[in-house]
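Report on one structure; see the data block that follows.
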Amino acid sequence: ALARAFPKNFVWGAATAAYQIEGATQEDGREPSIWDMFAAIPGKVHQGDNGAIANNHYHLMQEDVELMSRLGLGGYRFSIAWPRIIPQGRGAVNAAGLDFYDRLVDTLLTKGITPFATLYHWDLPLALHQEGGWTNRDTAYAYADYAEIVARRLGDRVAGWMTLNEPWCSAYLGYGIGIHAPGEQDLQQAIDAGHHLLLAHGLALPRLRANSAPNASVGISLNFTPIYPADERAETLRDAERADLFVNRWFIEPLARGQYPGGLFAALEVEPPPVQAGDLELIGAPIDFLGVNNYTRDVVRGGTTPARADESIKVGPVPGACYTEMGWEIYPQALTDLLIRLHREYGMQALYIMENGAAFKDSWDGGDQVHDPRRVAYMQEYIGALASALEQGAPVRGYFVWSLMDNFEWAEGYAKRFGIVYVDYQTQRRIIKDSGLWYSALLEAWRANTVL
Ligand code: FCB
């Protein structure tokens, strides 16, 4: 009955990101991004892996779209590599870069797959990093110019734009604790970078709209990790609130309400970012949809003194709970709760799950099957949680599994496999996992209006 819970115009898809799958980092005029630089620093990425070859999707694009078509996907979420389009970050446009995504979009459309494009999934041109990257306000203006250039080329065919993917990660993991590129470790820089990322989004919105088809929609994808208190003690409720402020409210509130949540900067013991007149109006302008990335939840327990908002005590393992290979608890109810909250509390009128999925230790024996029963169960449970959010009125329009295929998992390198398709990196062979077959059968049942 799962398939029946979803309306006919629901978009079922899969997601990827440029640096995680494309490879060909030195081809056709692409210049380095902060991830090429970061991955080259010993110790930053598991086993020294990098995206230089990745899934070689830049060369295998046609086959990969063919694979999506075999899976029966209705949508595909990919990201566009800024360093392919404007290799120095600003200035000269590289025609070969635009051509690649133009071909991708046309190939998708030929197969009846709706393109959803993310304009920034973490691969900042290195030249801009040398001028301060996201801590420099000018980067936001360079981004808006880049976004317009892409929209002028693809805006007649892309159905949904995401300005940014998970700016929380770009800001905090990249500038606050340095586990992602560019690897800075300064919470104040993270706050400032976060503001410039939001400004980039706000500046790009009208320029994307002006250069896209009238029915195209423009949004952003944010990561959310719902926070649950471990007990009912006042200090637990206090620290859970502070964790929520930092993890979930930092970005959604300026976007949905045009202001940073009260107490955020104090709770992080930093100064407010350098907000200029008019910034928050741009940032708070209405979006057509919110992209929701959710994998797990956190359970927080209060300490004797209030924890700094980014340092609350997370408890785990939760007795009886299951965890993925990332160490993330499987807790589908959090997705239901989150979607209802985004609708009720933040007035979001259109939600897409732009990422949801799980890493497990998959193995391939050289045959044509890969058994991943735990991923099948994960997807079944999370899509069930999604159906329950829909029933309770959450306006969910689509679901994109992370990921179409195993890929370069940032600091975790190739060791963590999230795909519903297995990738043998030696041969670049793709093998549909049982989860891919299951997903495909779900989509088929939904199309045919039958019971899975
Ligand atoms: C998200 C990223 C995505 C992928 C998943 C596992 O934070 O947006 O690229 O790495 O996590």
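Any value given below was found using the heavy atoms of this structure, including those in side chains, with hydrogens, waters and symmetry copies removed. Remember, it's 1-based here, ligands and their atoms both numbered in the order they're listed.
- The salt bridge (Lys or Arg N to Asp or Glu O under 4.0 Å) test applied to R430 returns D64, not counting sequence neighbours.
- With sequence neighbours left out, the salt bridge (Lys or Arg N to Asp or Glu O under 4.0 Å) criterion links E355 to R77.
- Ring to ring, F246 and W168 are close: their centroids are under 6.0 angstrom apart.
- Side-chain N or O atoms of W134 include none that pairs as donor or acceptor with a backbone N or O of A171 at under 3.5 Å.
- Between F6 and W12, the ring planes lie perpendicular to each other; the angle is over 60°, past the 30° to 60° tilted range.
- Among protein residues, Q20, H121, W122, N165, E166, Y295, E355, W402, E409, W410, F418 come within 4.0 Å of ligand 1, judged on heavy atoms.
- For E148, the salt bridge (Lys or Arg N to Asp or Glu O under 4.0 Å) test picks out R152, R207, with sequence neighbours left out.
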